[in-house]
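Only a predicted model underlies this, so the values are computations on that prediction, with no experimental measurement involved. All chains are named by letter (A, B, ...) in the order of the sequence lines, taking the proteins before the strands, and each is independently numbered beginning at 1.
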Protein chains: 2
Amino acid sequence: MLKYQQIAAAIEQYINDQDLKQGDKLPVLEQLMSQYGVSKSTVTKALELLERRGVIFQLRGSGIFVRRHNRPGYMSLFSTQGFKSNLGDRVLTSDVLDVSITKPSEDVARNLGIDVSNDVYRVERVRYVDGEVFCYEESYYVKAIVPYLNREIVADSIFDYVQSALGITIGFSDMYMQVGRLNETEAGYLGLKMDDPTLRIETIFHLTNGKPFDYSRITYHYEHSQFVVQANGPYM
Amino acid sequence: MLKYQQIAAAIEQYINDQDLKQGDKLPVLEQLMSQYGVSKSTVTKALELLERRGVIFQLRGSGIFVRRHNRPGYMSLFSTQGFKSNLGDRVLTSDVLDVSITKPSEDVARNLGIDVSNDVYRVERVRYVDGEVFCYEESYYVKAIVPYLNREIVADSIFDYVQSALGITIGFSDMYMQVGRLNETEAGYLGLKMDDPTLRIETIFHLTNGKPFDYSRITYHYEHSQFVVQANGPYM
DNA sequence: CAGTGGTCTAGACCACATG
DNA sequence: ATGTGGTCTAGACCACTGT
């Protein structure tokens, strides 16, 4: 683990241990430098990381402060999208409906940047948070990149598996969101009625080299899903 | 304007001018250094900026590549949330329904971190993209920070005004999203029916010093709003 | 004006991707 | 093996906040 990542983790833990609130002041740069025995740029890089993740904000001429948001019950949009597996204390479980190898449809192939003749794994799940239906998910993995999946792996975190067992690291992802109405099948899985509102998110996950390896469509239970996004900016 | 921002802007313009596609390779670091006459870290910082914004991705040992997404018609979630005023070629207009000074409700006061005895500006608008109803917005500005607003300012971009006229710079924001059903009033403004699905986003905008100055509730027209979010990660 | 974070440099060394 | 981006350092100087 890199120095700046360790320092970021240490500072985040310090915030949690001390149960610091929004606006509480952290030690100044110079102290962090000597405390961790690293150069200014390394501390700065750790702080940038925390800033991007919404943990702190920095104010030139003044100091480094804790940032929080005040809505328990809202999940970070990114925590549900393969990044931080951390959902706080909540327990995530899945019913696996399907794991199979097939040929992709035109649409799926286009999103994965492959030809329809290539094999893909199709995974279909209903996911629960603390026992409540959370979403219905249909996702496709390029078999050339993810050569093996089974129901057991898929019941757990697929991303943990591809990362630890296959050494695959995710580079970046594109999420497409829109609101619509449930069809009959989706309503059945979610325990809702047809035509009820829903949030749909399609995500294309890319490897670090830019190649798509996973295309996923998630249909959320509108009553059990609310998200928070902490943004920084403007960027320029 | 800072060097690394200038370089970021120049590189982005170069990508657009050359109409580069996803995966196209950019000049290597060393060339960018000499081309712009700056040190390695400055180029790196410019590239980080572009990477965070989903414009490029960098692959160690290989190069710097253009990143794009392939869904015309999807707006960046952040472009509609006060950050980049750039919506591409689309024209954004507003009907101003209300601009007035009032006392905040309990709820609004809590979100703005002020007491209910403080004055706020209330702004109510219906917003259009290329003439199509896009969203209904109700927002509150802390009068102690934004001392003056009128219908003319509000018909345009409020953020441009507070930034250029008042010298206020936004630091960060917390967005809370959920899906629900329209009530009768909202349905009227959006030209939809009561109980139609909708995406609701509440956003709290903070100054660079962490103080909230704007709390806004937006109700989107579900057929005219679809968003893209380009994420990088995992962060740690 | 003192204190604090932000920018920028020059350079050493490291880790990864690709042929 | 080569070339490429990533980390880290030490230090100069700048820009902002708050007293």
Hey, which of these two, Thr208(A) or Val43(B), hits DNA chain C nearer its 5' end, going by closest nucleotide? Val43(B)
To the nearest angstrom, the CD-C1' distance between Glu48(A) and dG5(C) comes to 12 Å
Review item, nucleotides 1-4 of chain C N/O atoms under 3.5 Å of protein N/O:
residue, atom, partner, partner atom, Å
dG3(C), N2, Gly61(A), O, 2.9
dT4(C), O2, Gly61(A), N, 3.1

Checking Met177(B) against Tyr74(A) for the side chain to side chain contact (heavy atoms under 4.5 Å, CB included) test, could you report, in this order, the C-alpha distance in whole Å, the side-chain angles of both residues, the deciding distance, and whether it holds? CA-CA 9 Å; Met177(B) 321 179 2; Tyr74(A) 283 73; over 6 Å; no
Looking for any heavy atom pair under 4.0 Å, which part of the strands does Ser41(A) touch: base, sugar-phosphate only, or nothing? base
Touch class at under 4.0 angstrom, heavy-atom based, for Lys40(A) against every strand present: base
Taking the six-membered ring where the residue is Trp, are the ring centres of Tyr176(B) and His69(A) under 6.0 Å apart? yes
Does anyone know the first and last nucleotide of DNA chain D in reach of chain B, 5' to 3', at under 4.0 angstrom to a heavy atom? dG3(D) to dT7(D)
Taking the side chain as everything from C-beta on, heavy atoms only, tell me whether Asn118(B) gets closer than 4.5 Å to Lys143(B). no
Quick one: are Pro104(A) and Leu112(A) in side-chain contact, heavy atoms under 4.5 Å? no
Glu202(B)/Arg71(A) under salt bridge (Lys or Arg N to Asp or Glu O under 4.0 Å): CA gap, chis, key distance, verdict: CA-CA 11 Å; Glu202(B) 296 168 74; Arg71(A) 302 256 180 123; 2.9 Å; yes
Ignoring hydrogens and angles, tell me if any N or O in the side chain of Asn16(B) forms a donor-acceptor pair with the backbone of Gln13(B) under 3.5 Å. no
Comparing Gln58(B) with Asn209(B), nearest DNA chain D nucleotide closer to 5' gives the residue Gln58(B)
DNA chain D: 5'-proximal contact among Leu47(B) and Thr42(A) (nearest heavy atom): Leu47(B)
Would you call the rings of Phe159(B) and Phe213(B) parallel, tilted or perpendicular, where under 30° means parallel and over 60° means perpendicular? perpendicular
From Ile101(B), Ile158(B), Thr102(B), residue fulfilling side-chain contact (heavy atoms from CB on, under 4.5 Å) relative to Tyr121(B): Ile101(B)
